[in-house]
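First up is the structure itself, then whatever we jot down about it.
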Amino acid sequence: MQKYIIKGSNKGVRGSVDISGAKNSCLPLMASSILFEDTVTIKNVPFVKDVITMCNLLEALGSKVQISEKNKIIKITNKKKHKLIIPYRLISTMRAGVLAMGPLLARYKSCRSAMSGGCALGPRPINFHLNGFKKLGANFNINKGYINISAKKGLKGNEFKFPKVSVTGTSNLIMASVFTKGKPTTLKNISIEPEVLDLINFLNKSGSKIHFIGKRTIKINGVNKLKGISHEIIGDRIEAFSYLSTAVMTRGKIKVNKINPKYLTSELQVLKKMGCEIKIKNSSIELNANKRLKPVKVKTSPYPGFATDNMPILLAVLTKVKGKSIIKEQIFTNRYMSAPELVRLGASISIKSNKATIIGKEKLYGAECISSDLRTTFSIILGAIGSQLSIVCFMD
Ligand code: EPZ
């Protein structure tokens with residue numbers, strides 16, 4: 001268990017920071033390397049825990065993975081045929097391991113994956129992924145904690161509509177459809193998160209034929225082969241919002257670089273409504289929060305709505321914004337794990353089903369806190385930065 005001792009500051013944060021590459025773009029892009037016979041080079045890689053786990057997963061499947069943390073580059077080469085089993089030891093620590101299913105199915109017509117198991121955010125089924133594969137002609141069964149999927153005759157183009165927007169569901173179905181035979185595949189009600197568009201952009205540069213025919217509808221014409229390329233991934237909008245929120249929490253001033261402000265349209269609107277001064281350029285955002293801020297009402301929704309991953313971060317910020325704020329979490333059922341810890345720091349938060357009511361306070365106090373997932377941890381760290389002396393224990 002890792003432990004952080006955090007001494008809050010009365011001084012506002014000041015300075016500028018370059019934002020890393022997006023974790024949630026890097027993971028599907030790495031999984032898509034399974035589709036290639038040539039080498040794929042990914043640049044601007046954030047070497048966070050999940051990215052290392054994905055490296056281990058690709059190596060377990062038989063890819064050769066070369067990394068340069070200094071240059072933020074990963075090179076993935078597939079000299080031999082992949083193994084077709086996604087092991088429990090890896091998928092149980094990183095749900096995104098499911099992203100290997102689509103490319104394995106597309107290239108080898110079958111795969112076997114451990115079920116990913118429970119998650120701090122609540123139930124995270126993959127029924128949309130599996131039903132989508134089924135529409136492309138695959139069959140699957142579940143046995144002893146493993147999902148066996150096969151399409152003996154290969155995947156065939158078809159139409160599939162997501163009952164609800166799913167980010168990795170969309171990426172998985174896109175990758176499964178790259179080599180389909182017969183009529184094109186049409187995917188409806190897809191996720192248009194910037195990370196998904198980054199994957200589409202990468203695959204199209206490699207020779208795929210994926211194009212939008214509606215706001216949330218794409219058509220994919222199957223191709224025979226992709227050519228290995230080098231691709232620089234987009235900046236991480238959740239990391240960018242985390243840094244901006246640090247300045248808001250401490251009533252400071254910050255500039256975040258290497259991020260497309262368009263990816264944070266909803267978030268910046270909320271910060272402006274709170275009273276923050278915001279200046280944007282092509283790839284930077286400058287924020288000044290050095291004044292009295294106002295409470296807000298926010299609900300999370302798929303992009304371009306307010307991101308659910310940014311919700312725990314905003315929750316922490318609003319604990320020190322005088323007045324009554326309301327947040328409605330509409331994506332996951334159990335995403336307020338930081339609330340009881342923030343209350344330990346002296347915050348006033350009440351949760352009723354998916355709605356949080358926050359009564360902002362002038363001061364927060366120090367306390368010992370414990371955390372679980374990535375975003376919950378940063379929410380608590382933000383609360384600690386806004387309070388006196390805190391100890392945050394992080395279960396790794
Ligand atoms: C992605 O998870 C992100 N992970 C999550 O970020 C993010 O919170 C989430 O999208 C929503 O934006 C990665 O990109 C690796 P979903 P994903 O499928 O794809 C339900 C982080 O901290 N659903 O869009 O797993 C599901 O239960 C992580 O970086 C089904 O019911 O989320 C949820 O309520 C946490 N059946 C909703 O849809 C399915 O088959 C959206 O989930 C799939 C999803």
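Both ligands and their constituent atoms are indexed starting at 1 by order of listing. Positions are given from 1 along the sequence.
Ranking the protein heavy atoms by distance from atom 19 (O) of ligand 1 puts Thr168 OG1, 2.6 Å first. Nearest non-hydrogen protein atom to atom 18 (O) of ligand 1 is Ser166 OG, 2.7 Å. Looking only at heavy atoms of the protein, atom 36 (N) of ligand 1 is closest to Asn127 OD1, 2.7 Å. When only non-hydrogen protein atoms are considered, atom 15 (C) of ligand 1 lies nearest to Asn24 OD1, 3.4 Å. Given atom 26 (C) of ligand 1, the protein heavy atom at minimum distance is Phe332 CE2, 4.2 Å. In terms of protein heavy atoms, atom 38 (O) of ligand 1 is closest to Lys164 CE, 3.6 Å. In terms of protein heavy atoms, atom 29 (O) of ligand 1 is closest to Arg375 NH2, 2.7 Å.
Within ligand 1, counting atoms from 1 as listed, the ones closer than 4.0 Å to a heavy atom of His129 are 40 (O). Near Leu121, meaning under 4.0 Å from any of its heavy atoms, are these atoms of ligand 1: 35 (C). Of all the atoms in ligand 1, the ones that sit under 4.0 Å from a non-hydrogen atom of Val165 are 24 (O), 41 (C). The Thr308 neighbourhood of ligand 1 comprises atoms 8 (O), 11 (C), 12 (O), with distances under 4.0 Å to a heavy atom of that residue.
In terms of N/O distances under 3.5 Å, ligand 1 is not approached by Glu193. At least one N or O atom of Arg124 sits closer than 3.5 Å to an N or O atom of ligand 1. In terms of polar-atom proximity, Pro125 is counted as a contact of ligand 1, with an N or O under 3.5 Å from an N or O of the ligand. Ligand 1 has an N or O atom lying under 3.5 Å from an N or O atom of Val167, backbone or side chain. For a threshold of 3.5 Å applied to N or O pairs, the pair formed by Ile331 and ligand 1 contains at least one separation below that value. Close N/O approach between Phe128 and ligand 1 is found [any backbone or side-chain N/O within under 3.5 Å].
Heavy atoms of Met94 found under 4.0 angstrom from ligand 1: none, in either backbone or side chain.
Of the listed options Ser171, Pro302, Cys26, Pro123, Pro123 places a heavy atom closest to atom 27 (O) of ligand 1. If you check each of Asp309, Val98, Ile126 against atom 5 (C) of ligand 1, the one with the closest non-hydrogen atom is Asp309.
Other residues, nucleotides and ligands contribute more than 12 heavy atoms inside 6.0 Å of the NZ atom of Lys81.
At a threshold of 4.5 Å between non-hydrogen side-chain atoms, the residues Arg216 and Ile192 count as touching. Residues Thr168 and Ser191 fail the side-chain proximity criterion, which asks for heavy atoms closer than 4.5 Å. Contact of the His211 side chain with the Ile213 side chain is registered, since non-hydrogen atoms from C-beta on lie closer than 4.5 Å. Taking 4.5 Å as the limit, some side-chain heavy atom of Val248 sits within range of a side-chain heavy atom of Met274. Between Ile73 and Val45, every side-chain heavy-atom pair lies at or beyond the 4.5 Å cut-off. Using a 4.5 Å cut-off on side-chain heavy atoms (C-beta onward), Val51 and Val48 make contact. The shortest distance between side-chain heavy atoms of Ser63 and Thr77 does not fall below 4.5 Å.
Put simply, no part of Asn131 is less than 4.0 Å from ligand 1, judged by heavy atoms. Not a single heavy atom of Asp373 sits less than 4.0 Å from an atom of ligand 1. Using a non-hydrogen distance threshold of 4.0 Å, Met311 does not register as a contact of ligand 1. Under a 4.0 Å heavy-atom criterion, Lys23 is in contact with ligand 1.
The salt bridge (charged side-chain N to carboxylate O under 4.0 Å, His left out) contacts involving residues 177-194 comprise Glu159-Lys188, where partners must be two or more places apart or lie in separate chains. Each salt bridge (charged side-chain N to carboxylate O under 4.0 Å, His left out) pair with one or both residues in residues 343-361, not counting sequence neighbours, appears once here: Glu341-Arg344.
You'll find the ring centres of Phe36 and Phe202 inside the 6.0 Å limit. A distance of 6.0 Å or more separates the ring centres of Phe241 and Tyr263.
Using a 4.0 Å cut-off between a side-chain N of Lys or Arg and a carboxylate O of Asp or Glu, Arg335 and Asp309 qualify as a salt bridge. Look at Glu195 and Arg237 and you find a salt bridge, because one of the NZ, NE, NH1 or NH2 atoms lies within 4.0 Å of a carboxylate O, short of that distance.
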